[in-house]
There are 2 protein chains.
Amino acid sequence: MRVINFNAGPAGLPLPPLERAQKEFLEFGKSGMSIMEHSHRGKDYDAVHNEAISLLRELLDVPETHDVLFMQGGAHLQFSLIPLNFLMPGKSADYLTTGHWSKVALSEAKALSAMVGTAREAVTTEHDGVFTRIPKQDELELDSNAAYAHYTTNNTIFGTQWHTIPEVGNVPLIADMSSDFIWKKFDVSKYALAYAGAQKNIGPSGVVVAIARKDFVESGRTDLSKTLKYSTVAKNNSLFNTPPTFSIYMVRNILAWVKEIGGLDAIHARNLKKGELLYGAIDAMSDFYKSPVEKDSRSYMNVVFRLPSQALEEKFVAEAKAANMVGLKGHRAVGGIRASVYNAVSVENIQSLVDFMEKFKKANG
Amino acid sequence: MRVINFNAGPAGLPLPPLERAQKEFLEFGKSGMSIMEHSHRGKDYDAVHNEAISLLRELLDVPETHDVLFMQGGAHLQFSLIPLNFLMPGKSADYLTTGHWSKVALSEAKALSAMVGTAREAVTTEHDGVFTRIPKQDELELDSNAAYAHYTTNNTIFGTQWHTIPEVGNVPLIADMSSDFIWKKFDVSKYALAYAGAQKNIGPSGVVVAIARKDFVESGRTDLSKTLKYSTVAKNNSLFNTPPTFSIYMVRNILAWVKEIGGLDAIHARNLKKGELLYGAIDAMSDFYKSPVEKDSRSYMNVVFRLPSQALEEKFVAEAKAANMVGLKGHRAVGGIRASVYNAVSVENIQSLVDFMEKFKKANG
């Protein structure tokens with residue numbers, strides 16, 4: 001029996017795309033082989049690859065100015081590739097720090113200082129080792145000559161999310177969207193580069209989706225190996241070297257499901273409803289469940305909350321598991337409860353969690 | 001119906017590991033979710049990850065001096081990571097050129113010259129734009145102070161294979177084994193680093209296996225981002241960042257199958273038998289089928305041959321396809337026929353091909 005999966009990532013995936021993959025796992029179409037046994041230069045895989053790209057273009061209204069790229073190495077490799085390509089020696093780039101992963105992005109850029117320019121922190125909302133909010137626009141100390149400004153749209157560990165796009169003037173804006181990519185539509189034209197590890201909202205781990213403005217990609221450093229350059233990926237339709245074909249196939253299946261259930265407007269409506277239900281329950285039972293996050297910074301993808309004691313939190317996680325709900329333990333860095341409620345989690349799943357929370361409070365409150 | 005798959009990579013995979021994956025695609029064990037929906041920090045995935053590593057250690061007798069690593073980005077990313085980590089500015093490294101991919105490895109290292117030392121060619125067997133042989137030991141112009149010597153054990157496009165390990169003295173030896181990894185056992189202790197993209201012999205695309213000598217990894221450059229350092233991967237058991245979990249799971253399934261059918265001695269015997277059969281047929285019908293490769297350089301993984309005319313080659317590929325055998329078209333750079341006969345291809349599959357070759361010659365010779 002399938003569980004209700006609140007894992008933070010790799011995360012639960014919608015069932016129909018998984019069933020589709022299972023059905024044709026040994027023979028894709030009438031080709032006599034699994035999609036993962038196909039050449040990445042053959043017409044069967046090519047159709048899947050290009051369908052994944054066009055689905056993303058369609059769902060997000062990606063303008064002609066931007067390319068959709070598939071890459072490897074997770075968001076972590078992006079943390080290195082971005083300064084290698086776009087932070088020329090002598091230049092400086094701005095990093096907006098709002099959580100664990102944005103800190104890592106900054107420290108990875110700094111670690112490359114022998115090869116690239118300077119990575120500076122334009123803001124941080126860290127206090128006492130934690131993050132509970134997104135900064136206001138007037139807190140950002142931006143450099144108008146920055147090579148780029150980098151931020152993280154959703155903070156998986158601390159459960160905060162940007163609900164506006166930071167204003168950075170003419171500076172190219174780069175966003176790590178790993179944990180909230182396509183939770184709703186966004187204005188692609190605002191970004192020089194938006195990237196996301198697939199393993200939260202759009203697929204298995206092992207593939208990154210990057211949406212990159214063509215002229216920004218072309219402005220990148222040229223004295224790099226081909227493999228390390230975004231321009232190589234872009235020029236070759238993400239087929240310069242063998243891509244992670246099965247992962248991209250799964251992304252295709254999941255995007256086709258997103259389209260089928262109504263596209264990103266429907267997904268957004270689902271996610272708003274889920275957030276209302278879950279935060280509504282937390283707020284209605286605020287004598288027992290407490291959100292550490294400032295209200296206007298709450299994430300619709302990772303909902304974190306505390307119970308009156310660590311012992312009760314452990315009991316909560318254990319009893320939820322017995323009730324078929326897994327993945328609710330908060331990140332070891334912060335403790336507490338975290339329900340990651342990515343696109344694959346349904347409104348009904350959230351209702352089950354809320355029902356459980358009410359029962360648990362009654363029994364233990 | 002499944003075909004006989006002679007694809008060069010991504011390549012055919014053995015059926016039992018695929019069936020195993022299909023069966024538990026929606027629910028791994030009794031966990032209520034697909035293996036790709038599991039956290040990479042959870043115990044279910046952890047067991048798979050560590051089993052894949054121990055199977056490789058066992059099959060290859062990997063000594064305690066070496067770590068088994070899983071990485072992303074294909075052999076291509078290794079072409080950049082190797083000089084970034086091990087070719088310090090001011091130093092030089094030797095590259096042995098025996099085919100297309102070894103040339104690419106060299107050119108990627110050269111392209112990084114602003115950041116790393118000098119990559120030099122220690123030998124090339126290229127003539128008239130093609131490669132038909134592996135060099136003799138006395139042809140290698142080795143630098144005894146080289147940071148490392150890099151070679152490619154099997155040349156996928158030209159169908160040549162090293163049947164000895166080049167002698168490089170005390171220089172750390174690095175091998176790209178992408179297209180013949182575990183075609184038989186090899187002496188791991190001879191290598192500072194041996195790596196292979198999985199998509200030929202051990203899995204789907206999207207994961208690289210690297211076997212690295214611990215002290216060599218530790219000798220790597222420190223002024224790099226964590227993600228770009230082999231030492232980070234090694235220290236974190238390939239779990240520093242989210243690994244391509246499903247690809248590694250497939251590698252586990254395939255290695256378990258290798259062990260089940262008798263390990264690498266059995267695989268080697270199968271591969272020798274396959275080579276005997278196929279090269280035997282080519283030699284026996286040498287008035288019609290011609291191998292361009294020198295006999296002692298012939299590959300047991302990629303068997304290339306020519307027919308009397310391009311028209312006959314096209315007919316051969318088309319009629320083979322009608323007879324359920326696919327992937328036989330030679331690489332566009334060299335034309336002709338290429339049968340990639342990786343570990344998943346059985347002796348019976350080769351017998352079918354040989355039977356077809358005999359019939360085809362009779363009808364067209």
Side-chain angles (χ1 to χ4, degrees), chain A residues 1-3 5 7-13 15 18-19 21-22 25-27 31-34 36-40 42 45 72-77 79-80 107-109 111-115 197 199 204-207 223-228 240-247 250 324 326-327, chain B residues 1-3 5 7-13 15 18-19 21-22 25-27 31-34 36-40 42 45 72-77 79-80 107-109 111-115 197 199 204-207 223-228 240-247 250 324 326-327:
Chain A
M1 187 187 56
R2 302 253 311 162
V3 294
N5 187 343
N7 277 345
L13 298 173
L15 189 58
L18 286 169
E19 285 173 333
Q22 183 184 40
F25 197 77
L26 299 184
E27 182 170 7
S31 69
M33 63 182 86
S34 171
M36 70 178 73
E37 298 172 291
H38 274 276
S39 168
H40 59 298
Y45 174 70
Q72 292 186 61
H76 264 92
L77 188 56
F79 299 162
S80 296
S107 69
E108 287 287 84
L112 286 166
S113 63
M115 298 172 177
Q199 67 269 19
S205 61
V207 61
D223 59 345
L224 283 175
S225 54
K226 284 187 182 174
T227 308
L228 296 182
F240 173 66
N241 62 330
T242 316
T245 54
F246 187 75
S247 299
M250 284 303 305
N324 208 37
V326 305
Chain B
M1 188 187 54
R2 300 254 310 161
V3 295
N5 187 343
N7 277 345
L13 299 173
L15 190 58
L18 286 170
E19 286 172 333
Q22 184 185 39
F25 198 78
L26 299 184
E27 183 170 9
S31 69
M33 62 182 86
S34 172
M36 70 178 74
E37 299 172 289
H38 274 276
S39 168
H40 60 297
Y45 175 70
Q72 292 187 60
H76 264 92
L77 188 57
F79 299 162
S80 296
S107 70
E108 288 287 84
L112 286 166
S113 62
M115 297 171 177
Q199 68 268 22
S205 61
V207 61
D223 59 345
L224 283 176
S225 53
K226 285 187 181 173
T227 309
L228 296 182
F240 172 67
N241 61 331
T242 317
T245 55
F246 187 75
S247 299
M250 284 303 305
N324 209 36
V326 305

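Below, chain A is the first sequence line, B the second, and so on; all start at residue 1.
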Enquirer: Between B:Ser31 and chain A, which part of the residue has a heavy atom less than 4.5 Å away: side chain, backbone, both or neither?
Expert: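 Contact with chain A involves the backbone of B:Ser31 alone.
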Enquirer: Test A:Met250 against B:Met36 for side chain to side chain contact (heavy atoms under 4.5 Å, CB included), laying out the working first.
Expert: CA-CA 11 Å; A:Met250 284 303 305; B:Met36 70 178 74; 4.2 Å; yes
Enquirer: Go through the side-chain N and O atoms of A:Thr245 and B:Ser205 and say whether any donor and acceptor fall under 3.5 Å apart.
Expert: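 Distance-only check passes for A:Thr245 and B:Ser205.
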Enquirer: Mark yes or no for whether B:Gln22, through its side chain, and A:Gln22, through its backbone, hold a donor-acceptor pair below 3.5 Å.
Expert: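 A pair under 3.5 Å: yes.
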Enquirer: Are A:Phe240 and B:His76 packed together at the side-chain level, in the sense that at least one heavy-atom pair is separated by less than 4.5 angstrom?
Expert: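 Yes - at least one pair of side-chain heavy atoms lies under 4.5 Å apart.
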Enquirer: Among A:Val326, A:Leu18, A:Asn7, which one satisfies side-chain contact (heavy atoms from CB on, under 4.5 Å) with B:Glu37?
Expert: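 When side-chain contact (heavy atoms from CB on, under 4.5 Å) is applied between B:Glu37 and each of A:Val326, A:Leu18, A:Asn7, only A:Leu18 qualifies.
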Enquirer: Determine whether B:Phe25 and A:Glu19 satisfy the following criterion, side chain to side chain contact (heavy atoms under 4.5 Å, CB included), listing intermediate values before the conclusion.
Expert: CA-CA 8 Å; B:Phe25 198 78; A:Glu19 285 173 333; over 6 Å; no
Enquirer: Would you say that A:Asp223 contacts B:Leu112 through its side chain, given a criterion of any heavy-atom pair below 4.5 Å between the two side chains?
Expert: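 No. Closest side-chain heavy atoms not under 4.5 Å.
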Enquirer: Verify whether one side chain among A:Ser80 and B:Thr227 offers a donor that lies under 3.5 Å from an acceptor in the other.
Expert: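 The answer is no; no qualifying pair exists.
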Enquirer: If you look at every heavy atom in B:Asn241 and A:Gly73, which pair is closest and at what distance?
Expert: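 The answer is ND2-O, 3.3 Å.
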Enquirer: Taking side chain as everything from C-beta outward and backbone as N, CA, C, O, which of these in B:Asn5 sits under 4.5 Å from a heavy atom of chain A? Side chain, backbone, both or neither.
Expert: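 Just the side chain, heavy atoms under 4.5 Å.
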Enquirer: At a 4.5 Å cut-off on heavy atoms, which part of A:Glu27 comes close to chain B: side chain, backbone, both, or neither?
Expert: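 For A:Glu27, the contact with chain B is made by the side chain alone.
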Enquirer: Please name all residues satisfying side-chain hydrogen bond (donor to acceptor under 3.5 Å, both in side chains) with A:Gln72, sequence neighbours left out, ordered by chain then number.
Expert: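 Testing A:Gln72 for side-chain hydrogen bond (donor to acceptor under 3.5 Å, both in side chains), a comparison that skips the adjacent residues, returns none.
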Enquirer: Measure distances from B:Met1 to the heavy atoms of chain A and classify the residue's part below 4.5 Å as side chain, backbone, both or neither.
Expert: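 Only the backbone of B:Met1 comes within 4.5 Å of chain A.
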Enquirer: Side chain to side chain contact (heavy atoms under 4.5 Å, CB included), that's the test. Do A:Leu224 and B:Met115 meet it? Break it down for me.
Expert: CA-CA 9 Å; A:Leu224 283 175; B:Met115 297 171 177; 3.6 Å; yes
Enquirer: Classify the ring geometry of A:Phe246 against B:Phe246: parallel below 30°, tilted from 30° to 60°, perpendicular beyond 60°.
Expert: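 Answer is parallel, since the angle falls under 30°.
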Enquirer: Using the side-chain hydrogen bond (donor to acceptor under 3.5 Å, both in side chains) criterion, which residues pair with B:Asn324? Sequence neighbours excluded.
Expert: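 By the side-chain hydrogen bond (donor to acceptor under 3.5 Å, both in side chains) rule, B:Asn324 matches no residue at all.
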Enquirer: If you count heavy-atom pairs under 4.5 Å between each of B:Ser247, B:Ser225, B:Ala111 and chain A, which one has the most?
Expert: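 Among B:Ser247, B:Ser225, B:Ala111, the one with the most close pairs to chain A is B:Ser225.
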Enquirer: Is chain B contacted by the side chain of A:Ser113, its backbone, both, or neither, given a heavy-atom distance below 4.5 Å?
Expert: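 Neither the backbone nor the side chain of A:Ser113 comes within 4.5 Å of chain B.
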Enquirer: Highest number of heavy-atom pairs under 4.5 Å with chain A: which of B:Pro10, B:Ala11, B:Gly327, B:Ser39?
Expert: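 Counting heavy-atom pairs under 4.5 Å, the top option is B:Pro10.
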Enquirer: Is it the side chain or the backbone of B:His40 that comes within 4.5 Å of chain A heavy atoms, both, or neither?
Expert: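 B:His40 touches chain A through backbone and side-chain heavy atoms alike.
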Enquirer: Who wins among A:Gly74, A:Ala114, A:Pro204, A:Gly12 for the most heavy-atom pairs under 4.5 Å with chain B?
Expert: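 Top count of heavy-atom pairs under 4.5 Å with chain B: A:Gly12.
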